[in-house]
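The figures here come from the full heavy-atom set of this structure, side chains too, leaving out hydrogens, waters and symmetry mates.
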2 protein chains.
Amino acid sequence: MAYKTRARFVADDIRHRILNGEFPGGTQLRQDALAADYDVSRIPVREALLTLEAEGLVEFYPHRGAFTTELSVAKIRELFDLRVLLEGHLLRQAIPRMTEAALHKAEHILQEYDAALDSGSQIDNWSDYNFAFHEALYHPADLPEAMNLVSQLNTKSDRYIRMQLLYTQAIEKAEREHHDLLELSRQGEVDAACQLLERHILEACEGIVAVLEGRVQASQTPDTAQL
Amino acid sequence: MAYKTRARFVADDIRHRILNGEFPGGTQLRQDALAADYDVSRIPVREALLTLEAEGLVEFYPHRGAFTTELSVAKIRELFDLRVLLEGHLLRQAIPRMTEAALHKAEHILQEYDAALDSGSQIDNWSDYNFAFHEALYHPADLPEAMNLVSQLNTKSDRYIRMQLLYTQAIEKAEREHHDLLELSRQGEVDAACQLLERHILEACEGIVAVLEGRVQASQTPDTAQL
DNA sequence: GTTTTGAAGATTGTATAAAATATAAAAAGA
DNA sequence: TCTTTTTATATTTTATACAATCTTCAAAAC
């Protein structure tokens with residue numbers, strides 16, 4: 001796992017730029033421009049774009065190139081509904097199997113969170129932290145395929161989560177809920193924990209939708225479509 | 001959608017060969033050999049393999065190449081559990097929104113099934129038919145992301161489903177259940193339909209596991225590992 | 001006898017360059 | 001003037017060639 005091929009490096013960086021909003025939905029990603037950016041040939045760039053296509057961040061049109069995907073409100077709602085379903089399944093399986101070590105690990109991640117929060121907002125790393133916590137929580141379930149699907153759903157919705165964080169103070173709320181979630185898990189309160197998780201996810205979803213619809217209303221004048 | 005790039009063509013064909021069992025789990029897929037096979041350069045082959053990696057049929061190891069993935073019994077069980085979860089969700093959303101047209105379409109697919117069954121086993125097309133029926137059933141739910149996940153789970157488990165069909169008479173059983181499923185959906189019996197769906201999926205899973213464990217017992221002598 | 005080292009061979013990963021295709025603009029015809 | 005065809009340009013897609021990495025196997029050291 002030490003070695004990182006150029007294609008993988010480029011993929012990681014382009015993903016980062018997409019999630020940060022540098023490439024909004026619908027922008028074309030020109031292969032030679034990116035190749036020049038990273039000072040590599042177009043082939044690793046192409047492979048990177050294919051990887052991102054698999055993740056749902058990018059879509060290829062034959063002989064026309066790669067474009068970043070656009071998510072509608074309906075699709076965001078669907079993604080978060082699926083998260084509720086899958087993460088609920090994972091948490092339900094995980095709680096009875098949680099060891100002390102697993103609980104400590106999740107708690108450790110939470111504390112790092114808190115520390116990072118005190119020293120500035122750090123939106124950039126927030127997504128990774130967030131996913132790390134959820135992953136730690138679900139890890140005892142030992143369901144790698146389900147985790148994989150959850151991870152996919154996360155990458156698809158990540159950029160909108162970031163957008164929400166820019167406009168609202170959702171981090172503190174999420175952070176409090178994470179603490180509660182861990183506490184309920186520790187006590188083995190499966191149903192209560194799953195209910196909280198469901199609220200946790202769905203309220204985040206509504207926050208994003210609110211921002212999105214607000215944004216649409218605010219900037220309905222220019223730069224609507226690029227394709 | 002008419003045009004098919006070479007990379008896509010190669011990907012479709014290699015997928016077919018993997019699912020048919022020509023490349024069992026763990027075999028290395030050499031790029032130049034495949035390139036010679038299809039009379040193209042290695043680059044479209046490489047892109048095809050990357051696509052298949054995204055689908056979970058193949059795994060890349062840096063500077064070592066691509067290998068077909070191996071599924072354990074535990075992983076198969078996990079995949080089918082996820083199918084129960086997601087397809088149940090889909091069916092539950094779909095039934096209340098089913099129009100006459102949607103029901104007819106599903107029924108039409110079923111009848112084609114039956115016709116194909118009478119004129120010979122046709123295992124090769126069975127997977128496509130099977131997925132087409134389930135898709136038609138879930139289509140009224142209008143949840144493309146969920147369908148996408150279900151499709152992923154299907155491609156991953158497909159080759160083992162085919163294997164099961166070779167050894168057992170599961171097609172007829174599945175066909176009967178499909179008819180019942182459609183009937184319950186038509187009558188709006190949401191809970192009963194979902195319960196039947198769950199049984200339908202889980203029993204198929206157990207059938208596969210039985211074959212797998214039987215096969216392992218039968219051929220424990222030669223050609224165990226290639227890597 | 002076991003382990004380690006190193007060179008040869010094979011295979012993947014990347015760069016450069018040519019071919020194929022789509023988009024856009026210009027010219028010809030109605 | 002509008003439509004259709006042609007041509008030109010830009011971009012993607014594929015082929016060829018080269019570089020980097022891994023595997024293998026034999027020889028040497030312990």
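The side chain of B/Arg30 places no N or O atom within less than 4.0 Å of a non-bridging phosphate oxygen (OP1 or OP2) of C/dT12. Look at B/Arg6 and you won't find any side-chain N or O under 4.0 angstrom from OP1 or OP2 of D/dT13. Side-chain N/O atoms of B/Ser41 include one lying less than 4.0 angstrom from OP1 or OP2 on D/dA15. Using a 4.0 Å cut-off, no side-chain N or O of B/Arg42 falls inside it from OP1 or OP2 of C/dG13. For B/Arg64, no side-chain nitrogen or oxygen approaches OP1 or OP2 of C/dT11 to under 4.0 Å. Applying the 4.0 Å criterion to OP1 and OP2 of D/dT14, one finds that B/Thr5 has a side-chain N or O inside that range.
With C/dG13, D/dT12, D/dT14 as the choices, the nucleotide that has an atom nearest any side-chain atom of A/Asp32 turns out to be D/dT12. Nearest to the side-chain atoms of A/His63 among the listed nucleotides C/dA15, D/dT12, D/dT21 stands D/dT12.
Counted by atom type alone, B/Glu87 and B/Tyr138 present one or more donor-acceptor pairs between their side chains at under 3.5 Å.
Along DNA chain C, the nucleotide nearest A/Asp39 and the nucleotide nearest B/Gln28 are compared for position; the residue whose nucleotide lies closer to the 5' end is B/Gln28.
Of the inter-residue distances, the one linking A/Lys105 atom NZ with A/Leu110 atom CG reads 13.5 Å to the nearest 0.5 angstrom. Expressed to the nearest 0.5 Å, how far OG1 of B/Thr155 lies from CG of B/Leu57 amounts to 5.5 Å. Taking NE2 of B/His134 as the start and CG of B/Asn154 as the end, the distance is 8.0 Å to the nearest 0.5 Å.
With respect to A/Glu55 and A/Lys156, no salt bridge is recorded, no charged nitrogen being found less than 4.0 Å from a carboxylate O.
Atom CG in B/Leu29 sits about 10 Å away from atom P in C/dT12, given to the nearest Å. Whole-Å rounding puts the B/Arg46 CZ to D/dT16 C1' distance at 16 Å. The distance between atom CZ of A/Phe60 and atom C1' of C/dA22, rounded to the nearest whole Å, is 16 Å. When the C1' atom of D/dT12 is taken as reference, atom CD of A/Glu59 falls 16 Å away, rounded to whole Å. Look at OH on B/Tyr61: it is 16 Å from C1' on D/dT23, rounded to the nearest Å. In this structure, the CG atom of B/Leu34 is 9 Å from the P atom of C/dT12, given to the nearest Å. For the pair B/Glu53 CD and C/dT12 C1', the interatomic distance rounds to 14 Å; values are reported in whole Å. Atom CZ in A/Arg8 sits about 11 Å away from atom P in C/dT14, given to the nearest Å.
Using a 4.0 Å heavy-atom criterion, one finds that B/Gln31 contacts the sugar-phosphate atoms exclusively. Using a 4.0 Å heavy-atom distance criterion, B/Ala7 is classed as a sugar-phosphate-only contact.
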